[in-house]
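The structure appears right after this line, and notes come after that.
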Amino acid sequence: MDGSRKLASPDSRPEGRQLSLSATLGKVLDTLPDHRGVAVALSGGPDSAALAVMTARLASERGLPVHALHVHHGLYPEADDWARRAADLATQLHIDFHSSKVQVDLTDPAGIEAAARAARYASLSHMALAANISCVLLAHHLDDQVETVLLRLLRGAGPDGMSAMAASTSKQGVCYLRPWLSNRRSEILAFMREYSDQTGFQPVDDPSNLDEQFARGKLRTDVLPGIERHWPGYRATLERFARRSAESAALLQEIASGDLASIQHDRPPYGQGLSLSGLNALPTARRAMVLRLWLANHDLAAPSEARLREMMRQLENAAQDKQIVLRHGSVHVRRYRGSVIVDSIGKEPSASVESVEFVWAGEPSVRLESMGGLLVFNQAESGLDPQWLRAGVLTLRWRRGRERLRLLENAPSRSLKNLYQERGIPSWERERMPLLYRGDTLLYAAGLGADSRMPQTSPGVQLEWVADHPGATITL
């Protein structure tokens with residue numbers, strides 16, 4: 001390849017094609033939040049290659065460093081060649097090249113396309129942050145936007161989904177910019193053909209673009225050609241529809257944000273919970289919007305419409321004394337004392353292990369893997385006698401029912417159930433809290449403390465159970 005040939009100025013091309021492309025890209029480069037540079041997601045195909053070429057030229061005029069980021073999916077035998085060609089183009093353009101190979105989960109229930117997209121964005125974010133770059137340019141164009149609108153329409157999306165791809169989005173700490181959403185792919189291909197004629201670079205031909213096993217491939221081969229024959233101006237129409245949907249979605253988001261603020265409150269240790277009575281007082285449509293927004297604020301995917309309706313039905317109709325547990329992805333949505341909270345699920349302790357015996361030798365903590373946590377022996381001004389603790393076998397086990405504890409010296413012993421209720425520890429949390437025995441004597445209950453009848457000294461030991469996955473800790 002001859003990378004020394006000078007590409008004619010895009011502004012001089014006929015019909016203003018490249019003027020449009022360079023003008024829209026230039027505006028984006030002029031509004032970058034910092035001057036550390038910009039990255040281009042470079043698959044090696046004609047769209048991303050054109051974006052890399054034009055970005056290199058315009059960024060050079062502005063003194064901005066440019067990085068090319070290539071994600072190697074490994075889904076096709078040609079993937080190694082695509083990576084080489086992307087690297088060749090970066091060399092030709094004198095820009096830094098970064099490549100990362102990802103493993104796509106072919107069994108993902110959301111489908112191969114969704115799995116590949118998730119892997120791609122995760123890889124792009126990782127490479128961008130490693131290069132100290134906060135903005136990545138994507139080569140999505142008007143034809144991509146139209147396809148997205150049609151696909152979401154066929155999947156039953158609401159106004160927020162019908163707004164399709166946004167010009168700017170943020171994922172995993174990186175800003176993604178799409179400068180060519182209003183430009184047709186024919187403009188990009190025309191520019192890329194001229195570049196190829198002048199330099200000899202040939203972009204990648206990705207067979208997945210027309211692969212009918214994928215939804216987009218089916219649209220491109222069967223559906224869109226027929227639409228264009230009857231409605232040649234469909235791109236502009238659908239773009240206008242997406243723009244109006246975005247306006248409607250923004251208005252609905254504003255309403256939902258106001259409703260959420262009025263019924264949301266801090267519910268330690270579960271973060272932001274919802275007032276159940278306040279939620280149920282909202283009209284059905286606004287209640288649905290609030291739940292979607294609240295879940296999104298916990299970094300959770302929106303539930304399907306059927307799942308959301310079932311969630312609303314149970315929260316509205318369940319008896320007050322009935323515990324509501326709704327599984328949503330990696331969390332439980334629960335009703336708790338008049339609130340709706342998110343409780344992370346994580347890895348529960350092994351149900352097959354009822355107890356573990358050990359001898360404490362004075363170490364600061366004892367790791368009890370099968371019980372799913374760490375028993376910490378904190379030094380304190382007063383507490384349990386450490387010599388007494390070391391002198392016998394200790395047993396950590398799960399609750400069996402009817403256990404009692406005397407937390408205060410001059411008070412009677414009380415059932416653990418009542419003590420946990422007074423502490424506001426819900427029933428599902430109690431199942432995750434073990435008890436410590438010396439012989440047959442209960443000396444400590446996680447979440448409550450030690451029995452005051454046990455031998456005490458000053459200084460002494462205060463016990464603390466640290467679970468690997470505390471149920472009352474949101475880890476989203």
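Excluded from the calculations below are hydrogen atoms, water molecules and symmetry mates; all remaining heavy atoms, backbone and side chain alike, are included.
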When you measure from the side chain of D144 to the backbone N and O of H141, does any donor-acceptor pair fall under 3.5 Å? yes
Where the side chain of S248 meets the backbone of R244, is there a donor-acceptor pair that is under 3.5 Å apart? yes
Does V53 offer a backbone N or O that forms a donor-acceptor pair with the side chain of R57 under 3.5 Å? no
Considering all heavy atoms of both residues, which atom of V204 and which atom of P46 are nearest to each other, and what is their separation? O-CD, 3.4 Å
Does R85 use its side chain to pair, donor to acceptor, with the backbone of Q202 at less than 3.5 Å? yes
Applying side chain to side chain contact (heavy atoms under 4.5 Å, CB included), run through M289 and I255 and close with a yes or a no. CA-CA 9 Å; M289 289 193 302; I255 295 171; 4.2 Å; yes
Does the R178 side chain pair with the main chain of L137, one donor and one acceptor, at a distance under 3.5 Å? no
Surrounding CD of E363 (heavy atoms of other residues, nucleotides or ligands, distance under 6.0 Å), is the total greater than 12? yes
Can you find a pair of side-chain heavy atoms, one from L293 and one from L291, that are under 4.5 Å apart? no
CD of E61: more than 12 outside heavy atoms within 6.0 angstrom? yes
Note, L308 side chain near M312 side chain (heavy atom, < 4.5 Å): yes
Given side chains that start at C-beta, do those of C175 and S134 come closer than 4.5 Å, heavy atoms only? no
Say you draw a straight line from CD1 of I227 to CG of L238; how long is it, rounded to the nearest 0.5 Å? 7.5 Å
I would like to know whether W180 and H140 meet side chain to side chain contact (heavy atoms under 4.5 Å, CB included); could you show each step before the answer? CA-CA 6 Å; W180 287 347; H140 295 123; over 6 Å; no
Take L189 and R185 through the side chain to side chain contact (heavy atoms under 4.5 Å, CB included) test and state the conclusion after the steps. CA-CA 6 Å; L189 293 179; R185 190 172 193 236; 4.0 Å; yes
Separation of L138 CG from T169 OG1 (nearest 0.5 Å): 7.0 Å
Could you tell me whether the side chain of N297 reaches within less than 4.5 Å of the side chain of L260, counting heavy atoms only? yes
Intermediate values then yes/no, salt bridge (Lys or Arg N to Asp or Glu O under 4.0 Å), R313 and E310: CA-CA 5 Å; R313 186 192 68 77; E310 177 61 18; 2.8 Å; yes
Between the side chains of E239 and Y234, is a donor N or O closer than 3.5 angstrom to an acceptor N or O? no
Does any donor atom in the side chain of H67 or H98 lie under 3.5 Å from an acceptor atom in the other side chain? yes
Do E187 and F191 have side chains that approach each other closer than 4.5 Å (heavy atoms only, starting at C-beta)? no
Are side-chain heavy atoms of P364 and F377 found at a separation under 4.5 Å? no
For the residue pair Q198 / E194, report whether a side-chain donor-acceptor contact shorter than 3.5 Å exists. no
Show your reasoning for whether side chain to side chain contact (heavy atoms under 4.5 Å, CB included) applies to T237 and W231. CA-CA 10 Å; T237 301; W231 296 280; over 6 Å; no
Closest heavy-atom contact between V28 and P179? CG2-CB, 3.6 Å
Report the residue from L279, V333, L300, I263 that forms a side-chain contact (heavy atoms from CB on, under 4.5 Å) with W294. V333
Going by an N to O cut-off under 4.0 Å, is there a salt bridge joining R307 and E305? no
Just so I know, are the side chains of H298 and L295 near enough to count as touching, which here means a heavy-atom distance under 4.5 Å? no
Tell me whether Y176 contacts the main-chain N or O of S125 through its side chain, where contact means a donor paired with an acceptor under 3.5 Å. yes
Counting N and O atoms only, with roles assigned by atom type, does the side chain of R335 sit under 3.5 Å from a partner on the main chain of L315, one being a donor and the other an acceptor? no
Side chains of N280 and E316 only: does a donor on one sit below 3.5 Å from an acceptor on the other? no
Could you report the tightest heavy-atom contact between S182 and L142, atom names first, then the distance? C-CB, 4.1 Å
Any chance the side chains of H72 and D80 put a donor and an acceptor closer than 3.5 Å? yes
Got a donor-acceptor contact below 3.5 angstrom from the E354 side chain to the R397 backbone? no
Which of R286, R287, Q264 passes side-chain hydrogen bond (donor to acceptor under 3.5 Å, both in side chains) with D259? It is R286
Keeping S60 on the side-chain end and A56 on the backbone end, is there a donor-acceptor pair under 3.5 Å? no
Short side-chain donor-acceptor distance under 3.5 Å, S43 and H70: no
Would you indicate whether the side-chain heavy atoms of L89 and I95 approach each other to under 4.5 Å? no
Looking at every heavy atom in both E228 and R184, which two are closest together, and how far apart are they? OE2-NH2, 3.9 Å
Can you tell me how far apart CG (L42) and CG (L69) are? Round to the nearest 0.5 Å. 8.5 Å
Of the non-hydrogen atoms in F201 and A49, which two are nearest, and what is the gap between them? CE2-CB, 4.0 Å
Taking all non-hydrogen atoms of both residues, which atom of A59 and which atom of L29 are closest, and how far apart? N-CD1, 4.0 Å
